[in-house]
Amino acid sequence: MIIVLRPHSTPEQIEHILERIKELGFKAHLSKGELRTIIGVIGDENKLHAEPLSAIPGVEQVLPILKPFKLSSREFHADDSVVRVGKVRIGGGALGMIAGPCAIESYEILDTIAGQVKAAGANILRGGAFKPRTSPYSFQGLGEEGLKILRAVGDKHGMPVVTEVMDPRQVDVVQRHADMFQIGARNMQNFDLLKEVGQTRKPVLLKRGMSATVKDLLMSAEYILSEGNLQVVLCERGVRSFEDSTRNMLDLSAVPNVKGQSHLPIIVDPSHATGRPDLIPAMSRAAVAAGADGVHIEVHSCPEKALSDGPQALLPGQYAALMQDLRKLADVMGKEI
Ligand code: PEP
Ligand code: MN
């Protein structure tokens with residue numbers, strides 16, 4: 001439910017409304033726009049219908065939110081949200097260019113790759129320390145040692161860092177070292193994990209599950225938002241299909257689809273979507289043209305020696321060439337990198 005306040009409602013009136021909502025056992029989220037202040041009321045709407053909320057001074061209108069996701073809906077927040085990762089902005093016209101290897105392998109390798117992607121124009125460094133591998137015998141990541149390397153390399157190159165968290169028990173340690181949590185496709189509906197990162201105030205990159213609908217993705221974002229963390233960036237990374245010449249099938253329509261329904265930024269990961277370096281440049285350009293708020297790409301200085309996802313990694317030179325195209329496209333789209 002949304003409570004729309006009168007244009008000149010006083011701070012005392014707003015405080016009174018917030019207290020009343022709390023008293024009734026609901027959560028209130030205040031959103032101050034330029035013209036309007038609105039309050040999102042979260043809880044079982046049926047119980048609220050009976051309350052004469054529109055009788056409270058300062059209230060202009062009480063409206064139901066028709067979508068099953070509330071705080072992530074455009075109805076709750078009409079403008080595009082901007083998520084800050086360190087000094088980098090994602091959304092509202094600013095593109096987040098996330099790049100780096102699939103896994104953190106050593107300080108030297110990450111340092112080399114970070115220098116190259118930064119020079120090409122990437123603004124956020126990625127690298128996995130806890131890796132969700134299909135096989136338990138594959139490289140599982142360096143754990144906390146990897147997080148320390150990521151932090152040190154990010155600081156050296158002046159880049160904020162994003163890394164995956166797979167389990168609620170890892171949230172503390174990841175939070176200490178990284179600027180942004182990544183929740184991977186396999187964990188998009190790990191609700192305890194969503195709630196745990198929702199309790200923090202660090203931005204979250206939430207990837208679409210491989211068989212999740214756009215609505216499922218937004219409902220998962222809702223878990224994070226409803227805990228009080230509004231800093232969520234969505235990521236389209238392809239879904240499973242019958243097509244077997246690509247790793248997944250990139251659903252680019254998810255970008256305008258999400259934007260129509262939600263204020264949250266959405267970026268695209270063509271690396272995991274296609275699994276093919278020959279397709280990544282075209283899909284990255286298409287993503288920016290479709291209105292994505294950024295692109296997430298795996299880059300490795302020596303893909304043949306990579307411990308994870310080597311075959312889909314772009315070489316630094318390929319990434320730099322792609323970034324030149326993306327800068328031109330960003331210009332056309334009225335966006336900035
Ligand atoms: C990754 O980013 O390395 C990753 C494992 O991605 P996804 O969760 O999309 O498969
Ligand atoms: Mn990967």
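Just so you know, ligand 1 is whichever comes first in the structure, and atom 1 is the first atom listed for that ligand.
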task: Do me a favour and list the nearest non-hydrogen protein atom to atom 8 (O) of ligand 1 with residue, atom name and distance?
output: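 Answer, as residue, atom name and distance: Ala185 N, 2.7 Å.
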
- request: Considering only non-hydrogen protein atoms, determine which one is nearest to atom 4 (C) of ligand 1 and report residue, atom name and distance to 0.1 Å.
  value: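 Here the closest protein heavy atom is His272 NE2, 3.4 Å.
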
message: Between Arg208 and Glu236, is the salt bridge (Lys or Arg N to Asp or Glu O under 4.0 Å) condition met? List the steps.
response: CA-CA 6 Å; Arg208 180 179 181 180; Glu236 164 59 39; 2.7 Å; yes

- request: Looking only at non-hydrogen atoms, find the nearest pair between Phe139 and Lys131 and report the distance.
  value: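 Answer, listing the atom of Phe139 first, then Lys131: O-CB, 4.1 Å.
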
task: Could you tell me which non-hydrogen atom of Met166 sits nearest to which non-hydrogen atom of Glu164, and how far apart they are?
output: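 Shortest heavy-atom contact: CG-OE2, 3.8 Å.
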
task: With Ile3 as reference, evaluate Ile14, Ile38, Val41 under the side-chain contact (heavy atoms from CB on, under 4.5 Å) test and give the passing residue.
output: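 Testing Ile3 for a side-chain contact (heavy atoms from CB on, under 4.5 Å) against Ile14, Ile38, Val41 leaves exactly one candidate, Val41.
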
field: Test side-chain contact (heavy atoms from CB on, under 4.5 Å) applied to Phe181 and Val162, Val171, Thr163, Leu205, the passing residue
entry: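 Between Phe181 and the candidates, side-chain contact (heavy atoms from CB on, under 4.5 Å) is satisfied uniquely by Val171.
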
Any atom of ligand 1 sitting under 4.0 Å from a heavy atom of [X]?
| X | answer |
| --- | --- |
| Met210 | no |
| Gln182 | yes |
| Gly128 | no |

field: Residue pair Glu222, Ser220: steps toward the side-chain hydrogen bond (donor to acceptor under 3.5 Å, both in side chains) verdict
entry: CA-CA 5 Å; Glu222 193 73 15; Ser220 287; over 6 Å; no

Could you say whether the N/O atoms of [X] and ligand 1 ever approach to under 3.5 Å?
| X | answer |
| --- | --- |
| Lys131 | yes |
| Arg237 | yes |
| Asp309 | no |
| Lys207 | yes |

Would you mind running through ligand 1 and noting each atom that sits below 4.0 Å from a heavy atom of [X]?
| X | value |
| --- | --- |
| Gly184 | 8 (O) |
| Cys102 | 3 (O) |
| Arg126 | 1 (C), 2 (O), 3 (O) |

Euclidean distance, Leu217 CG relative to Gln189 CD, rounded to 0.5 Å: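 Between Gln189 CD and Leu217 CG, I get 9.5 Å after rounding to 0.5 Å.
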
- prompt: So which of the N, O or S atoms of Glu298 lies nearest the Mn ion (ligand 2)?
  reply: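 Of all N, O or S atoms belonging to Glu298, OE2 is the one nearest the Mn ion (ligand 2).
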
task: Please work out the angle at the Mn ion (ligand 2) defined by atom OD2 of Asp309 on one side and atom SG of Cys102 on the other, rounded to 10°.
output: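 Rounding to the nearest 10 degrees gives 90°.
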
- prompt: Would you say Arg126's side chain and Cys102's backbone share a donor-acceptor pair under 3.5 angstrom?
  reply: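 Indeed, once roles are kept as given, a pair shorter than 3.5 Å links the two residues.
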
- request: Report the relative orientation of the aromatic rings in His263 and His77; use parallel for angles under 30°, tilted for 30 to 60°, perpendicular for over 60°.
  value: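 Rings of His263 and His77: tilted, as their planes differ by 30° to 60°.
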
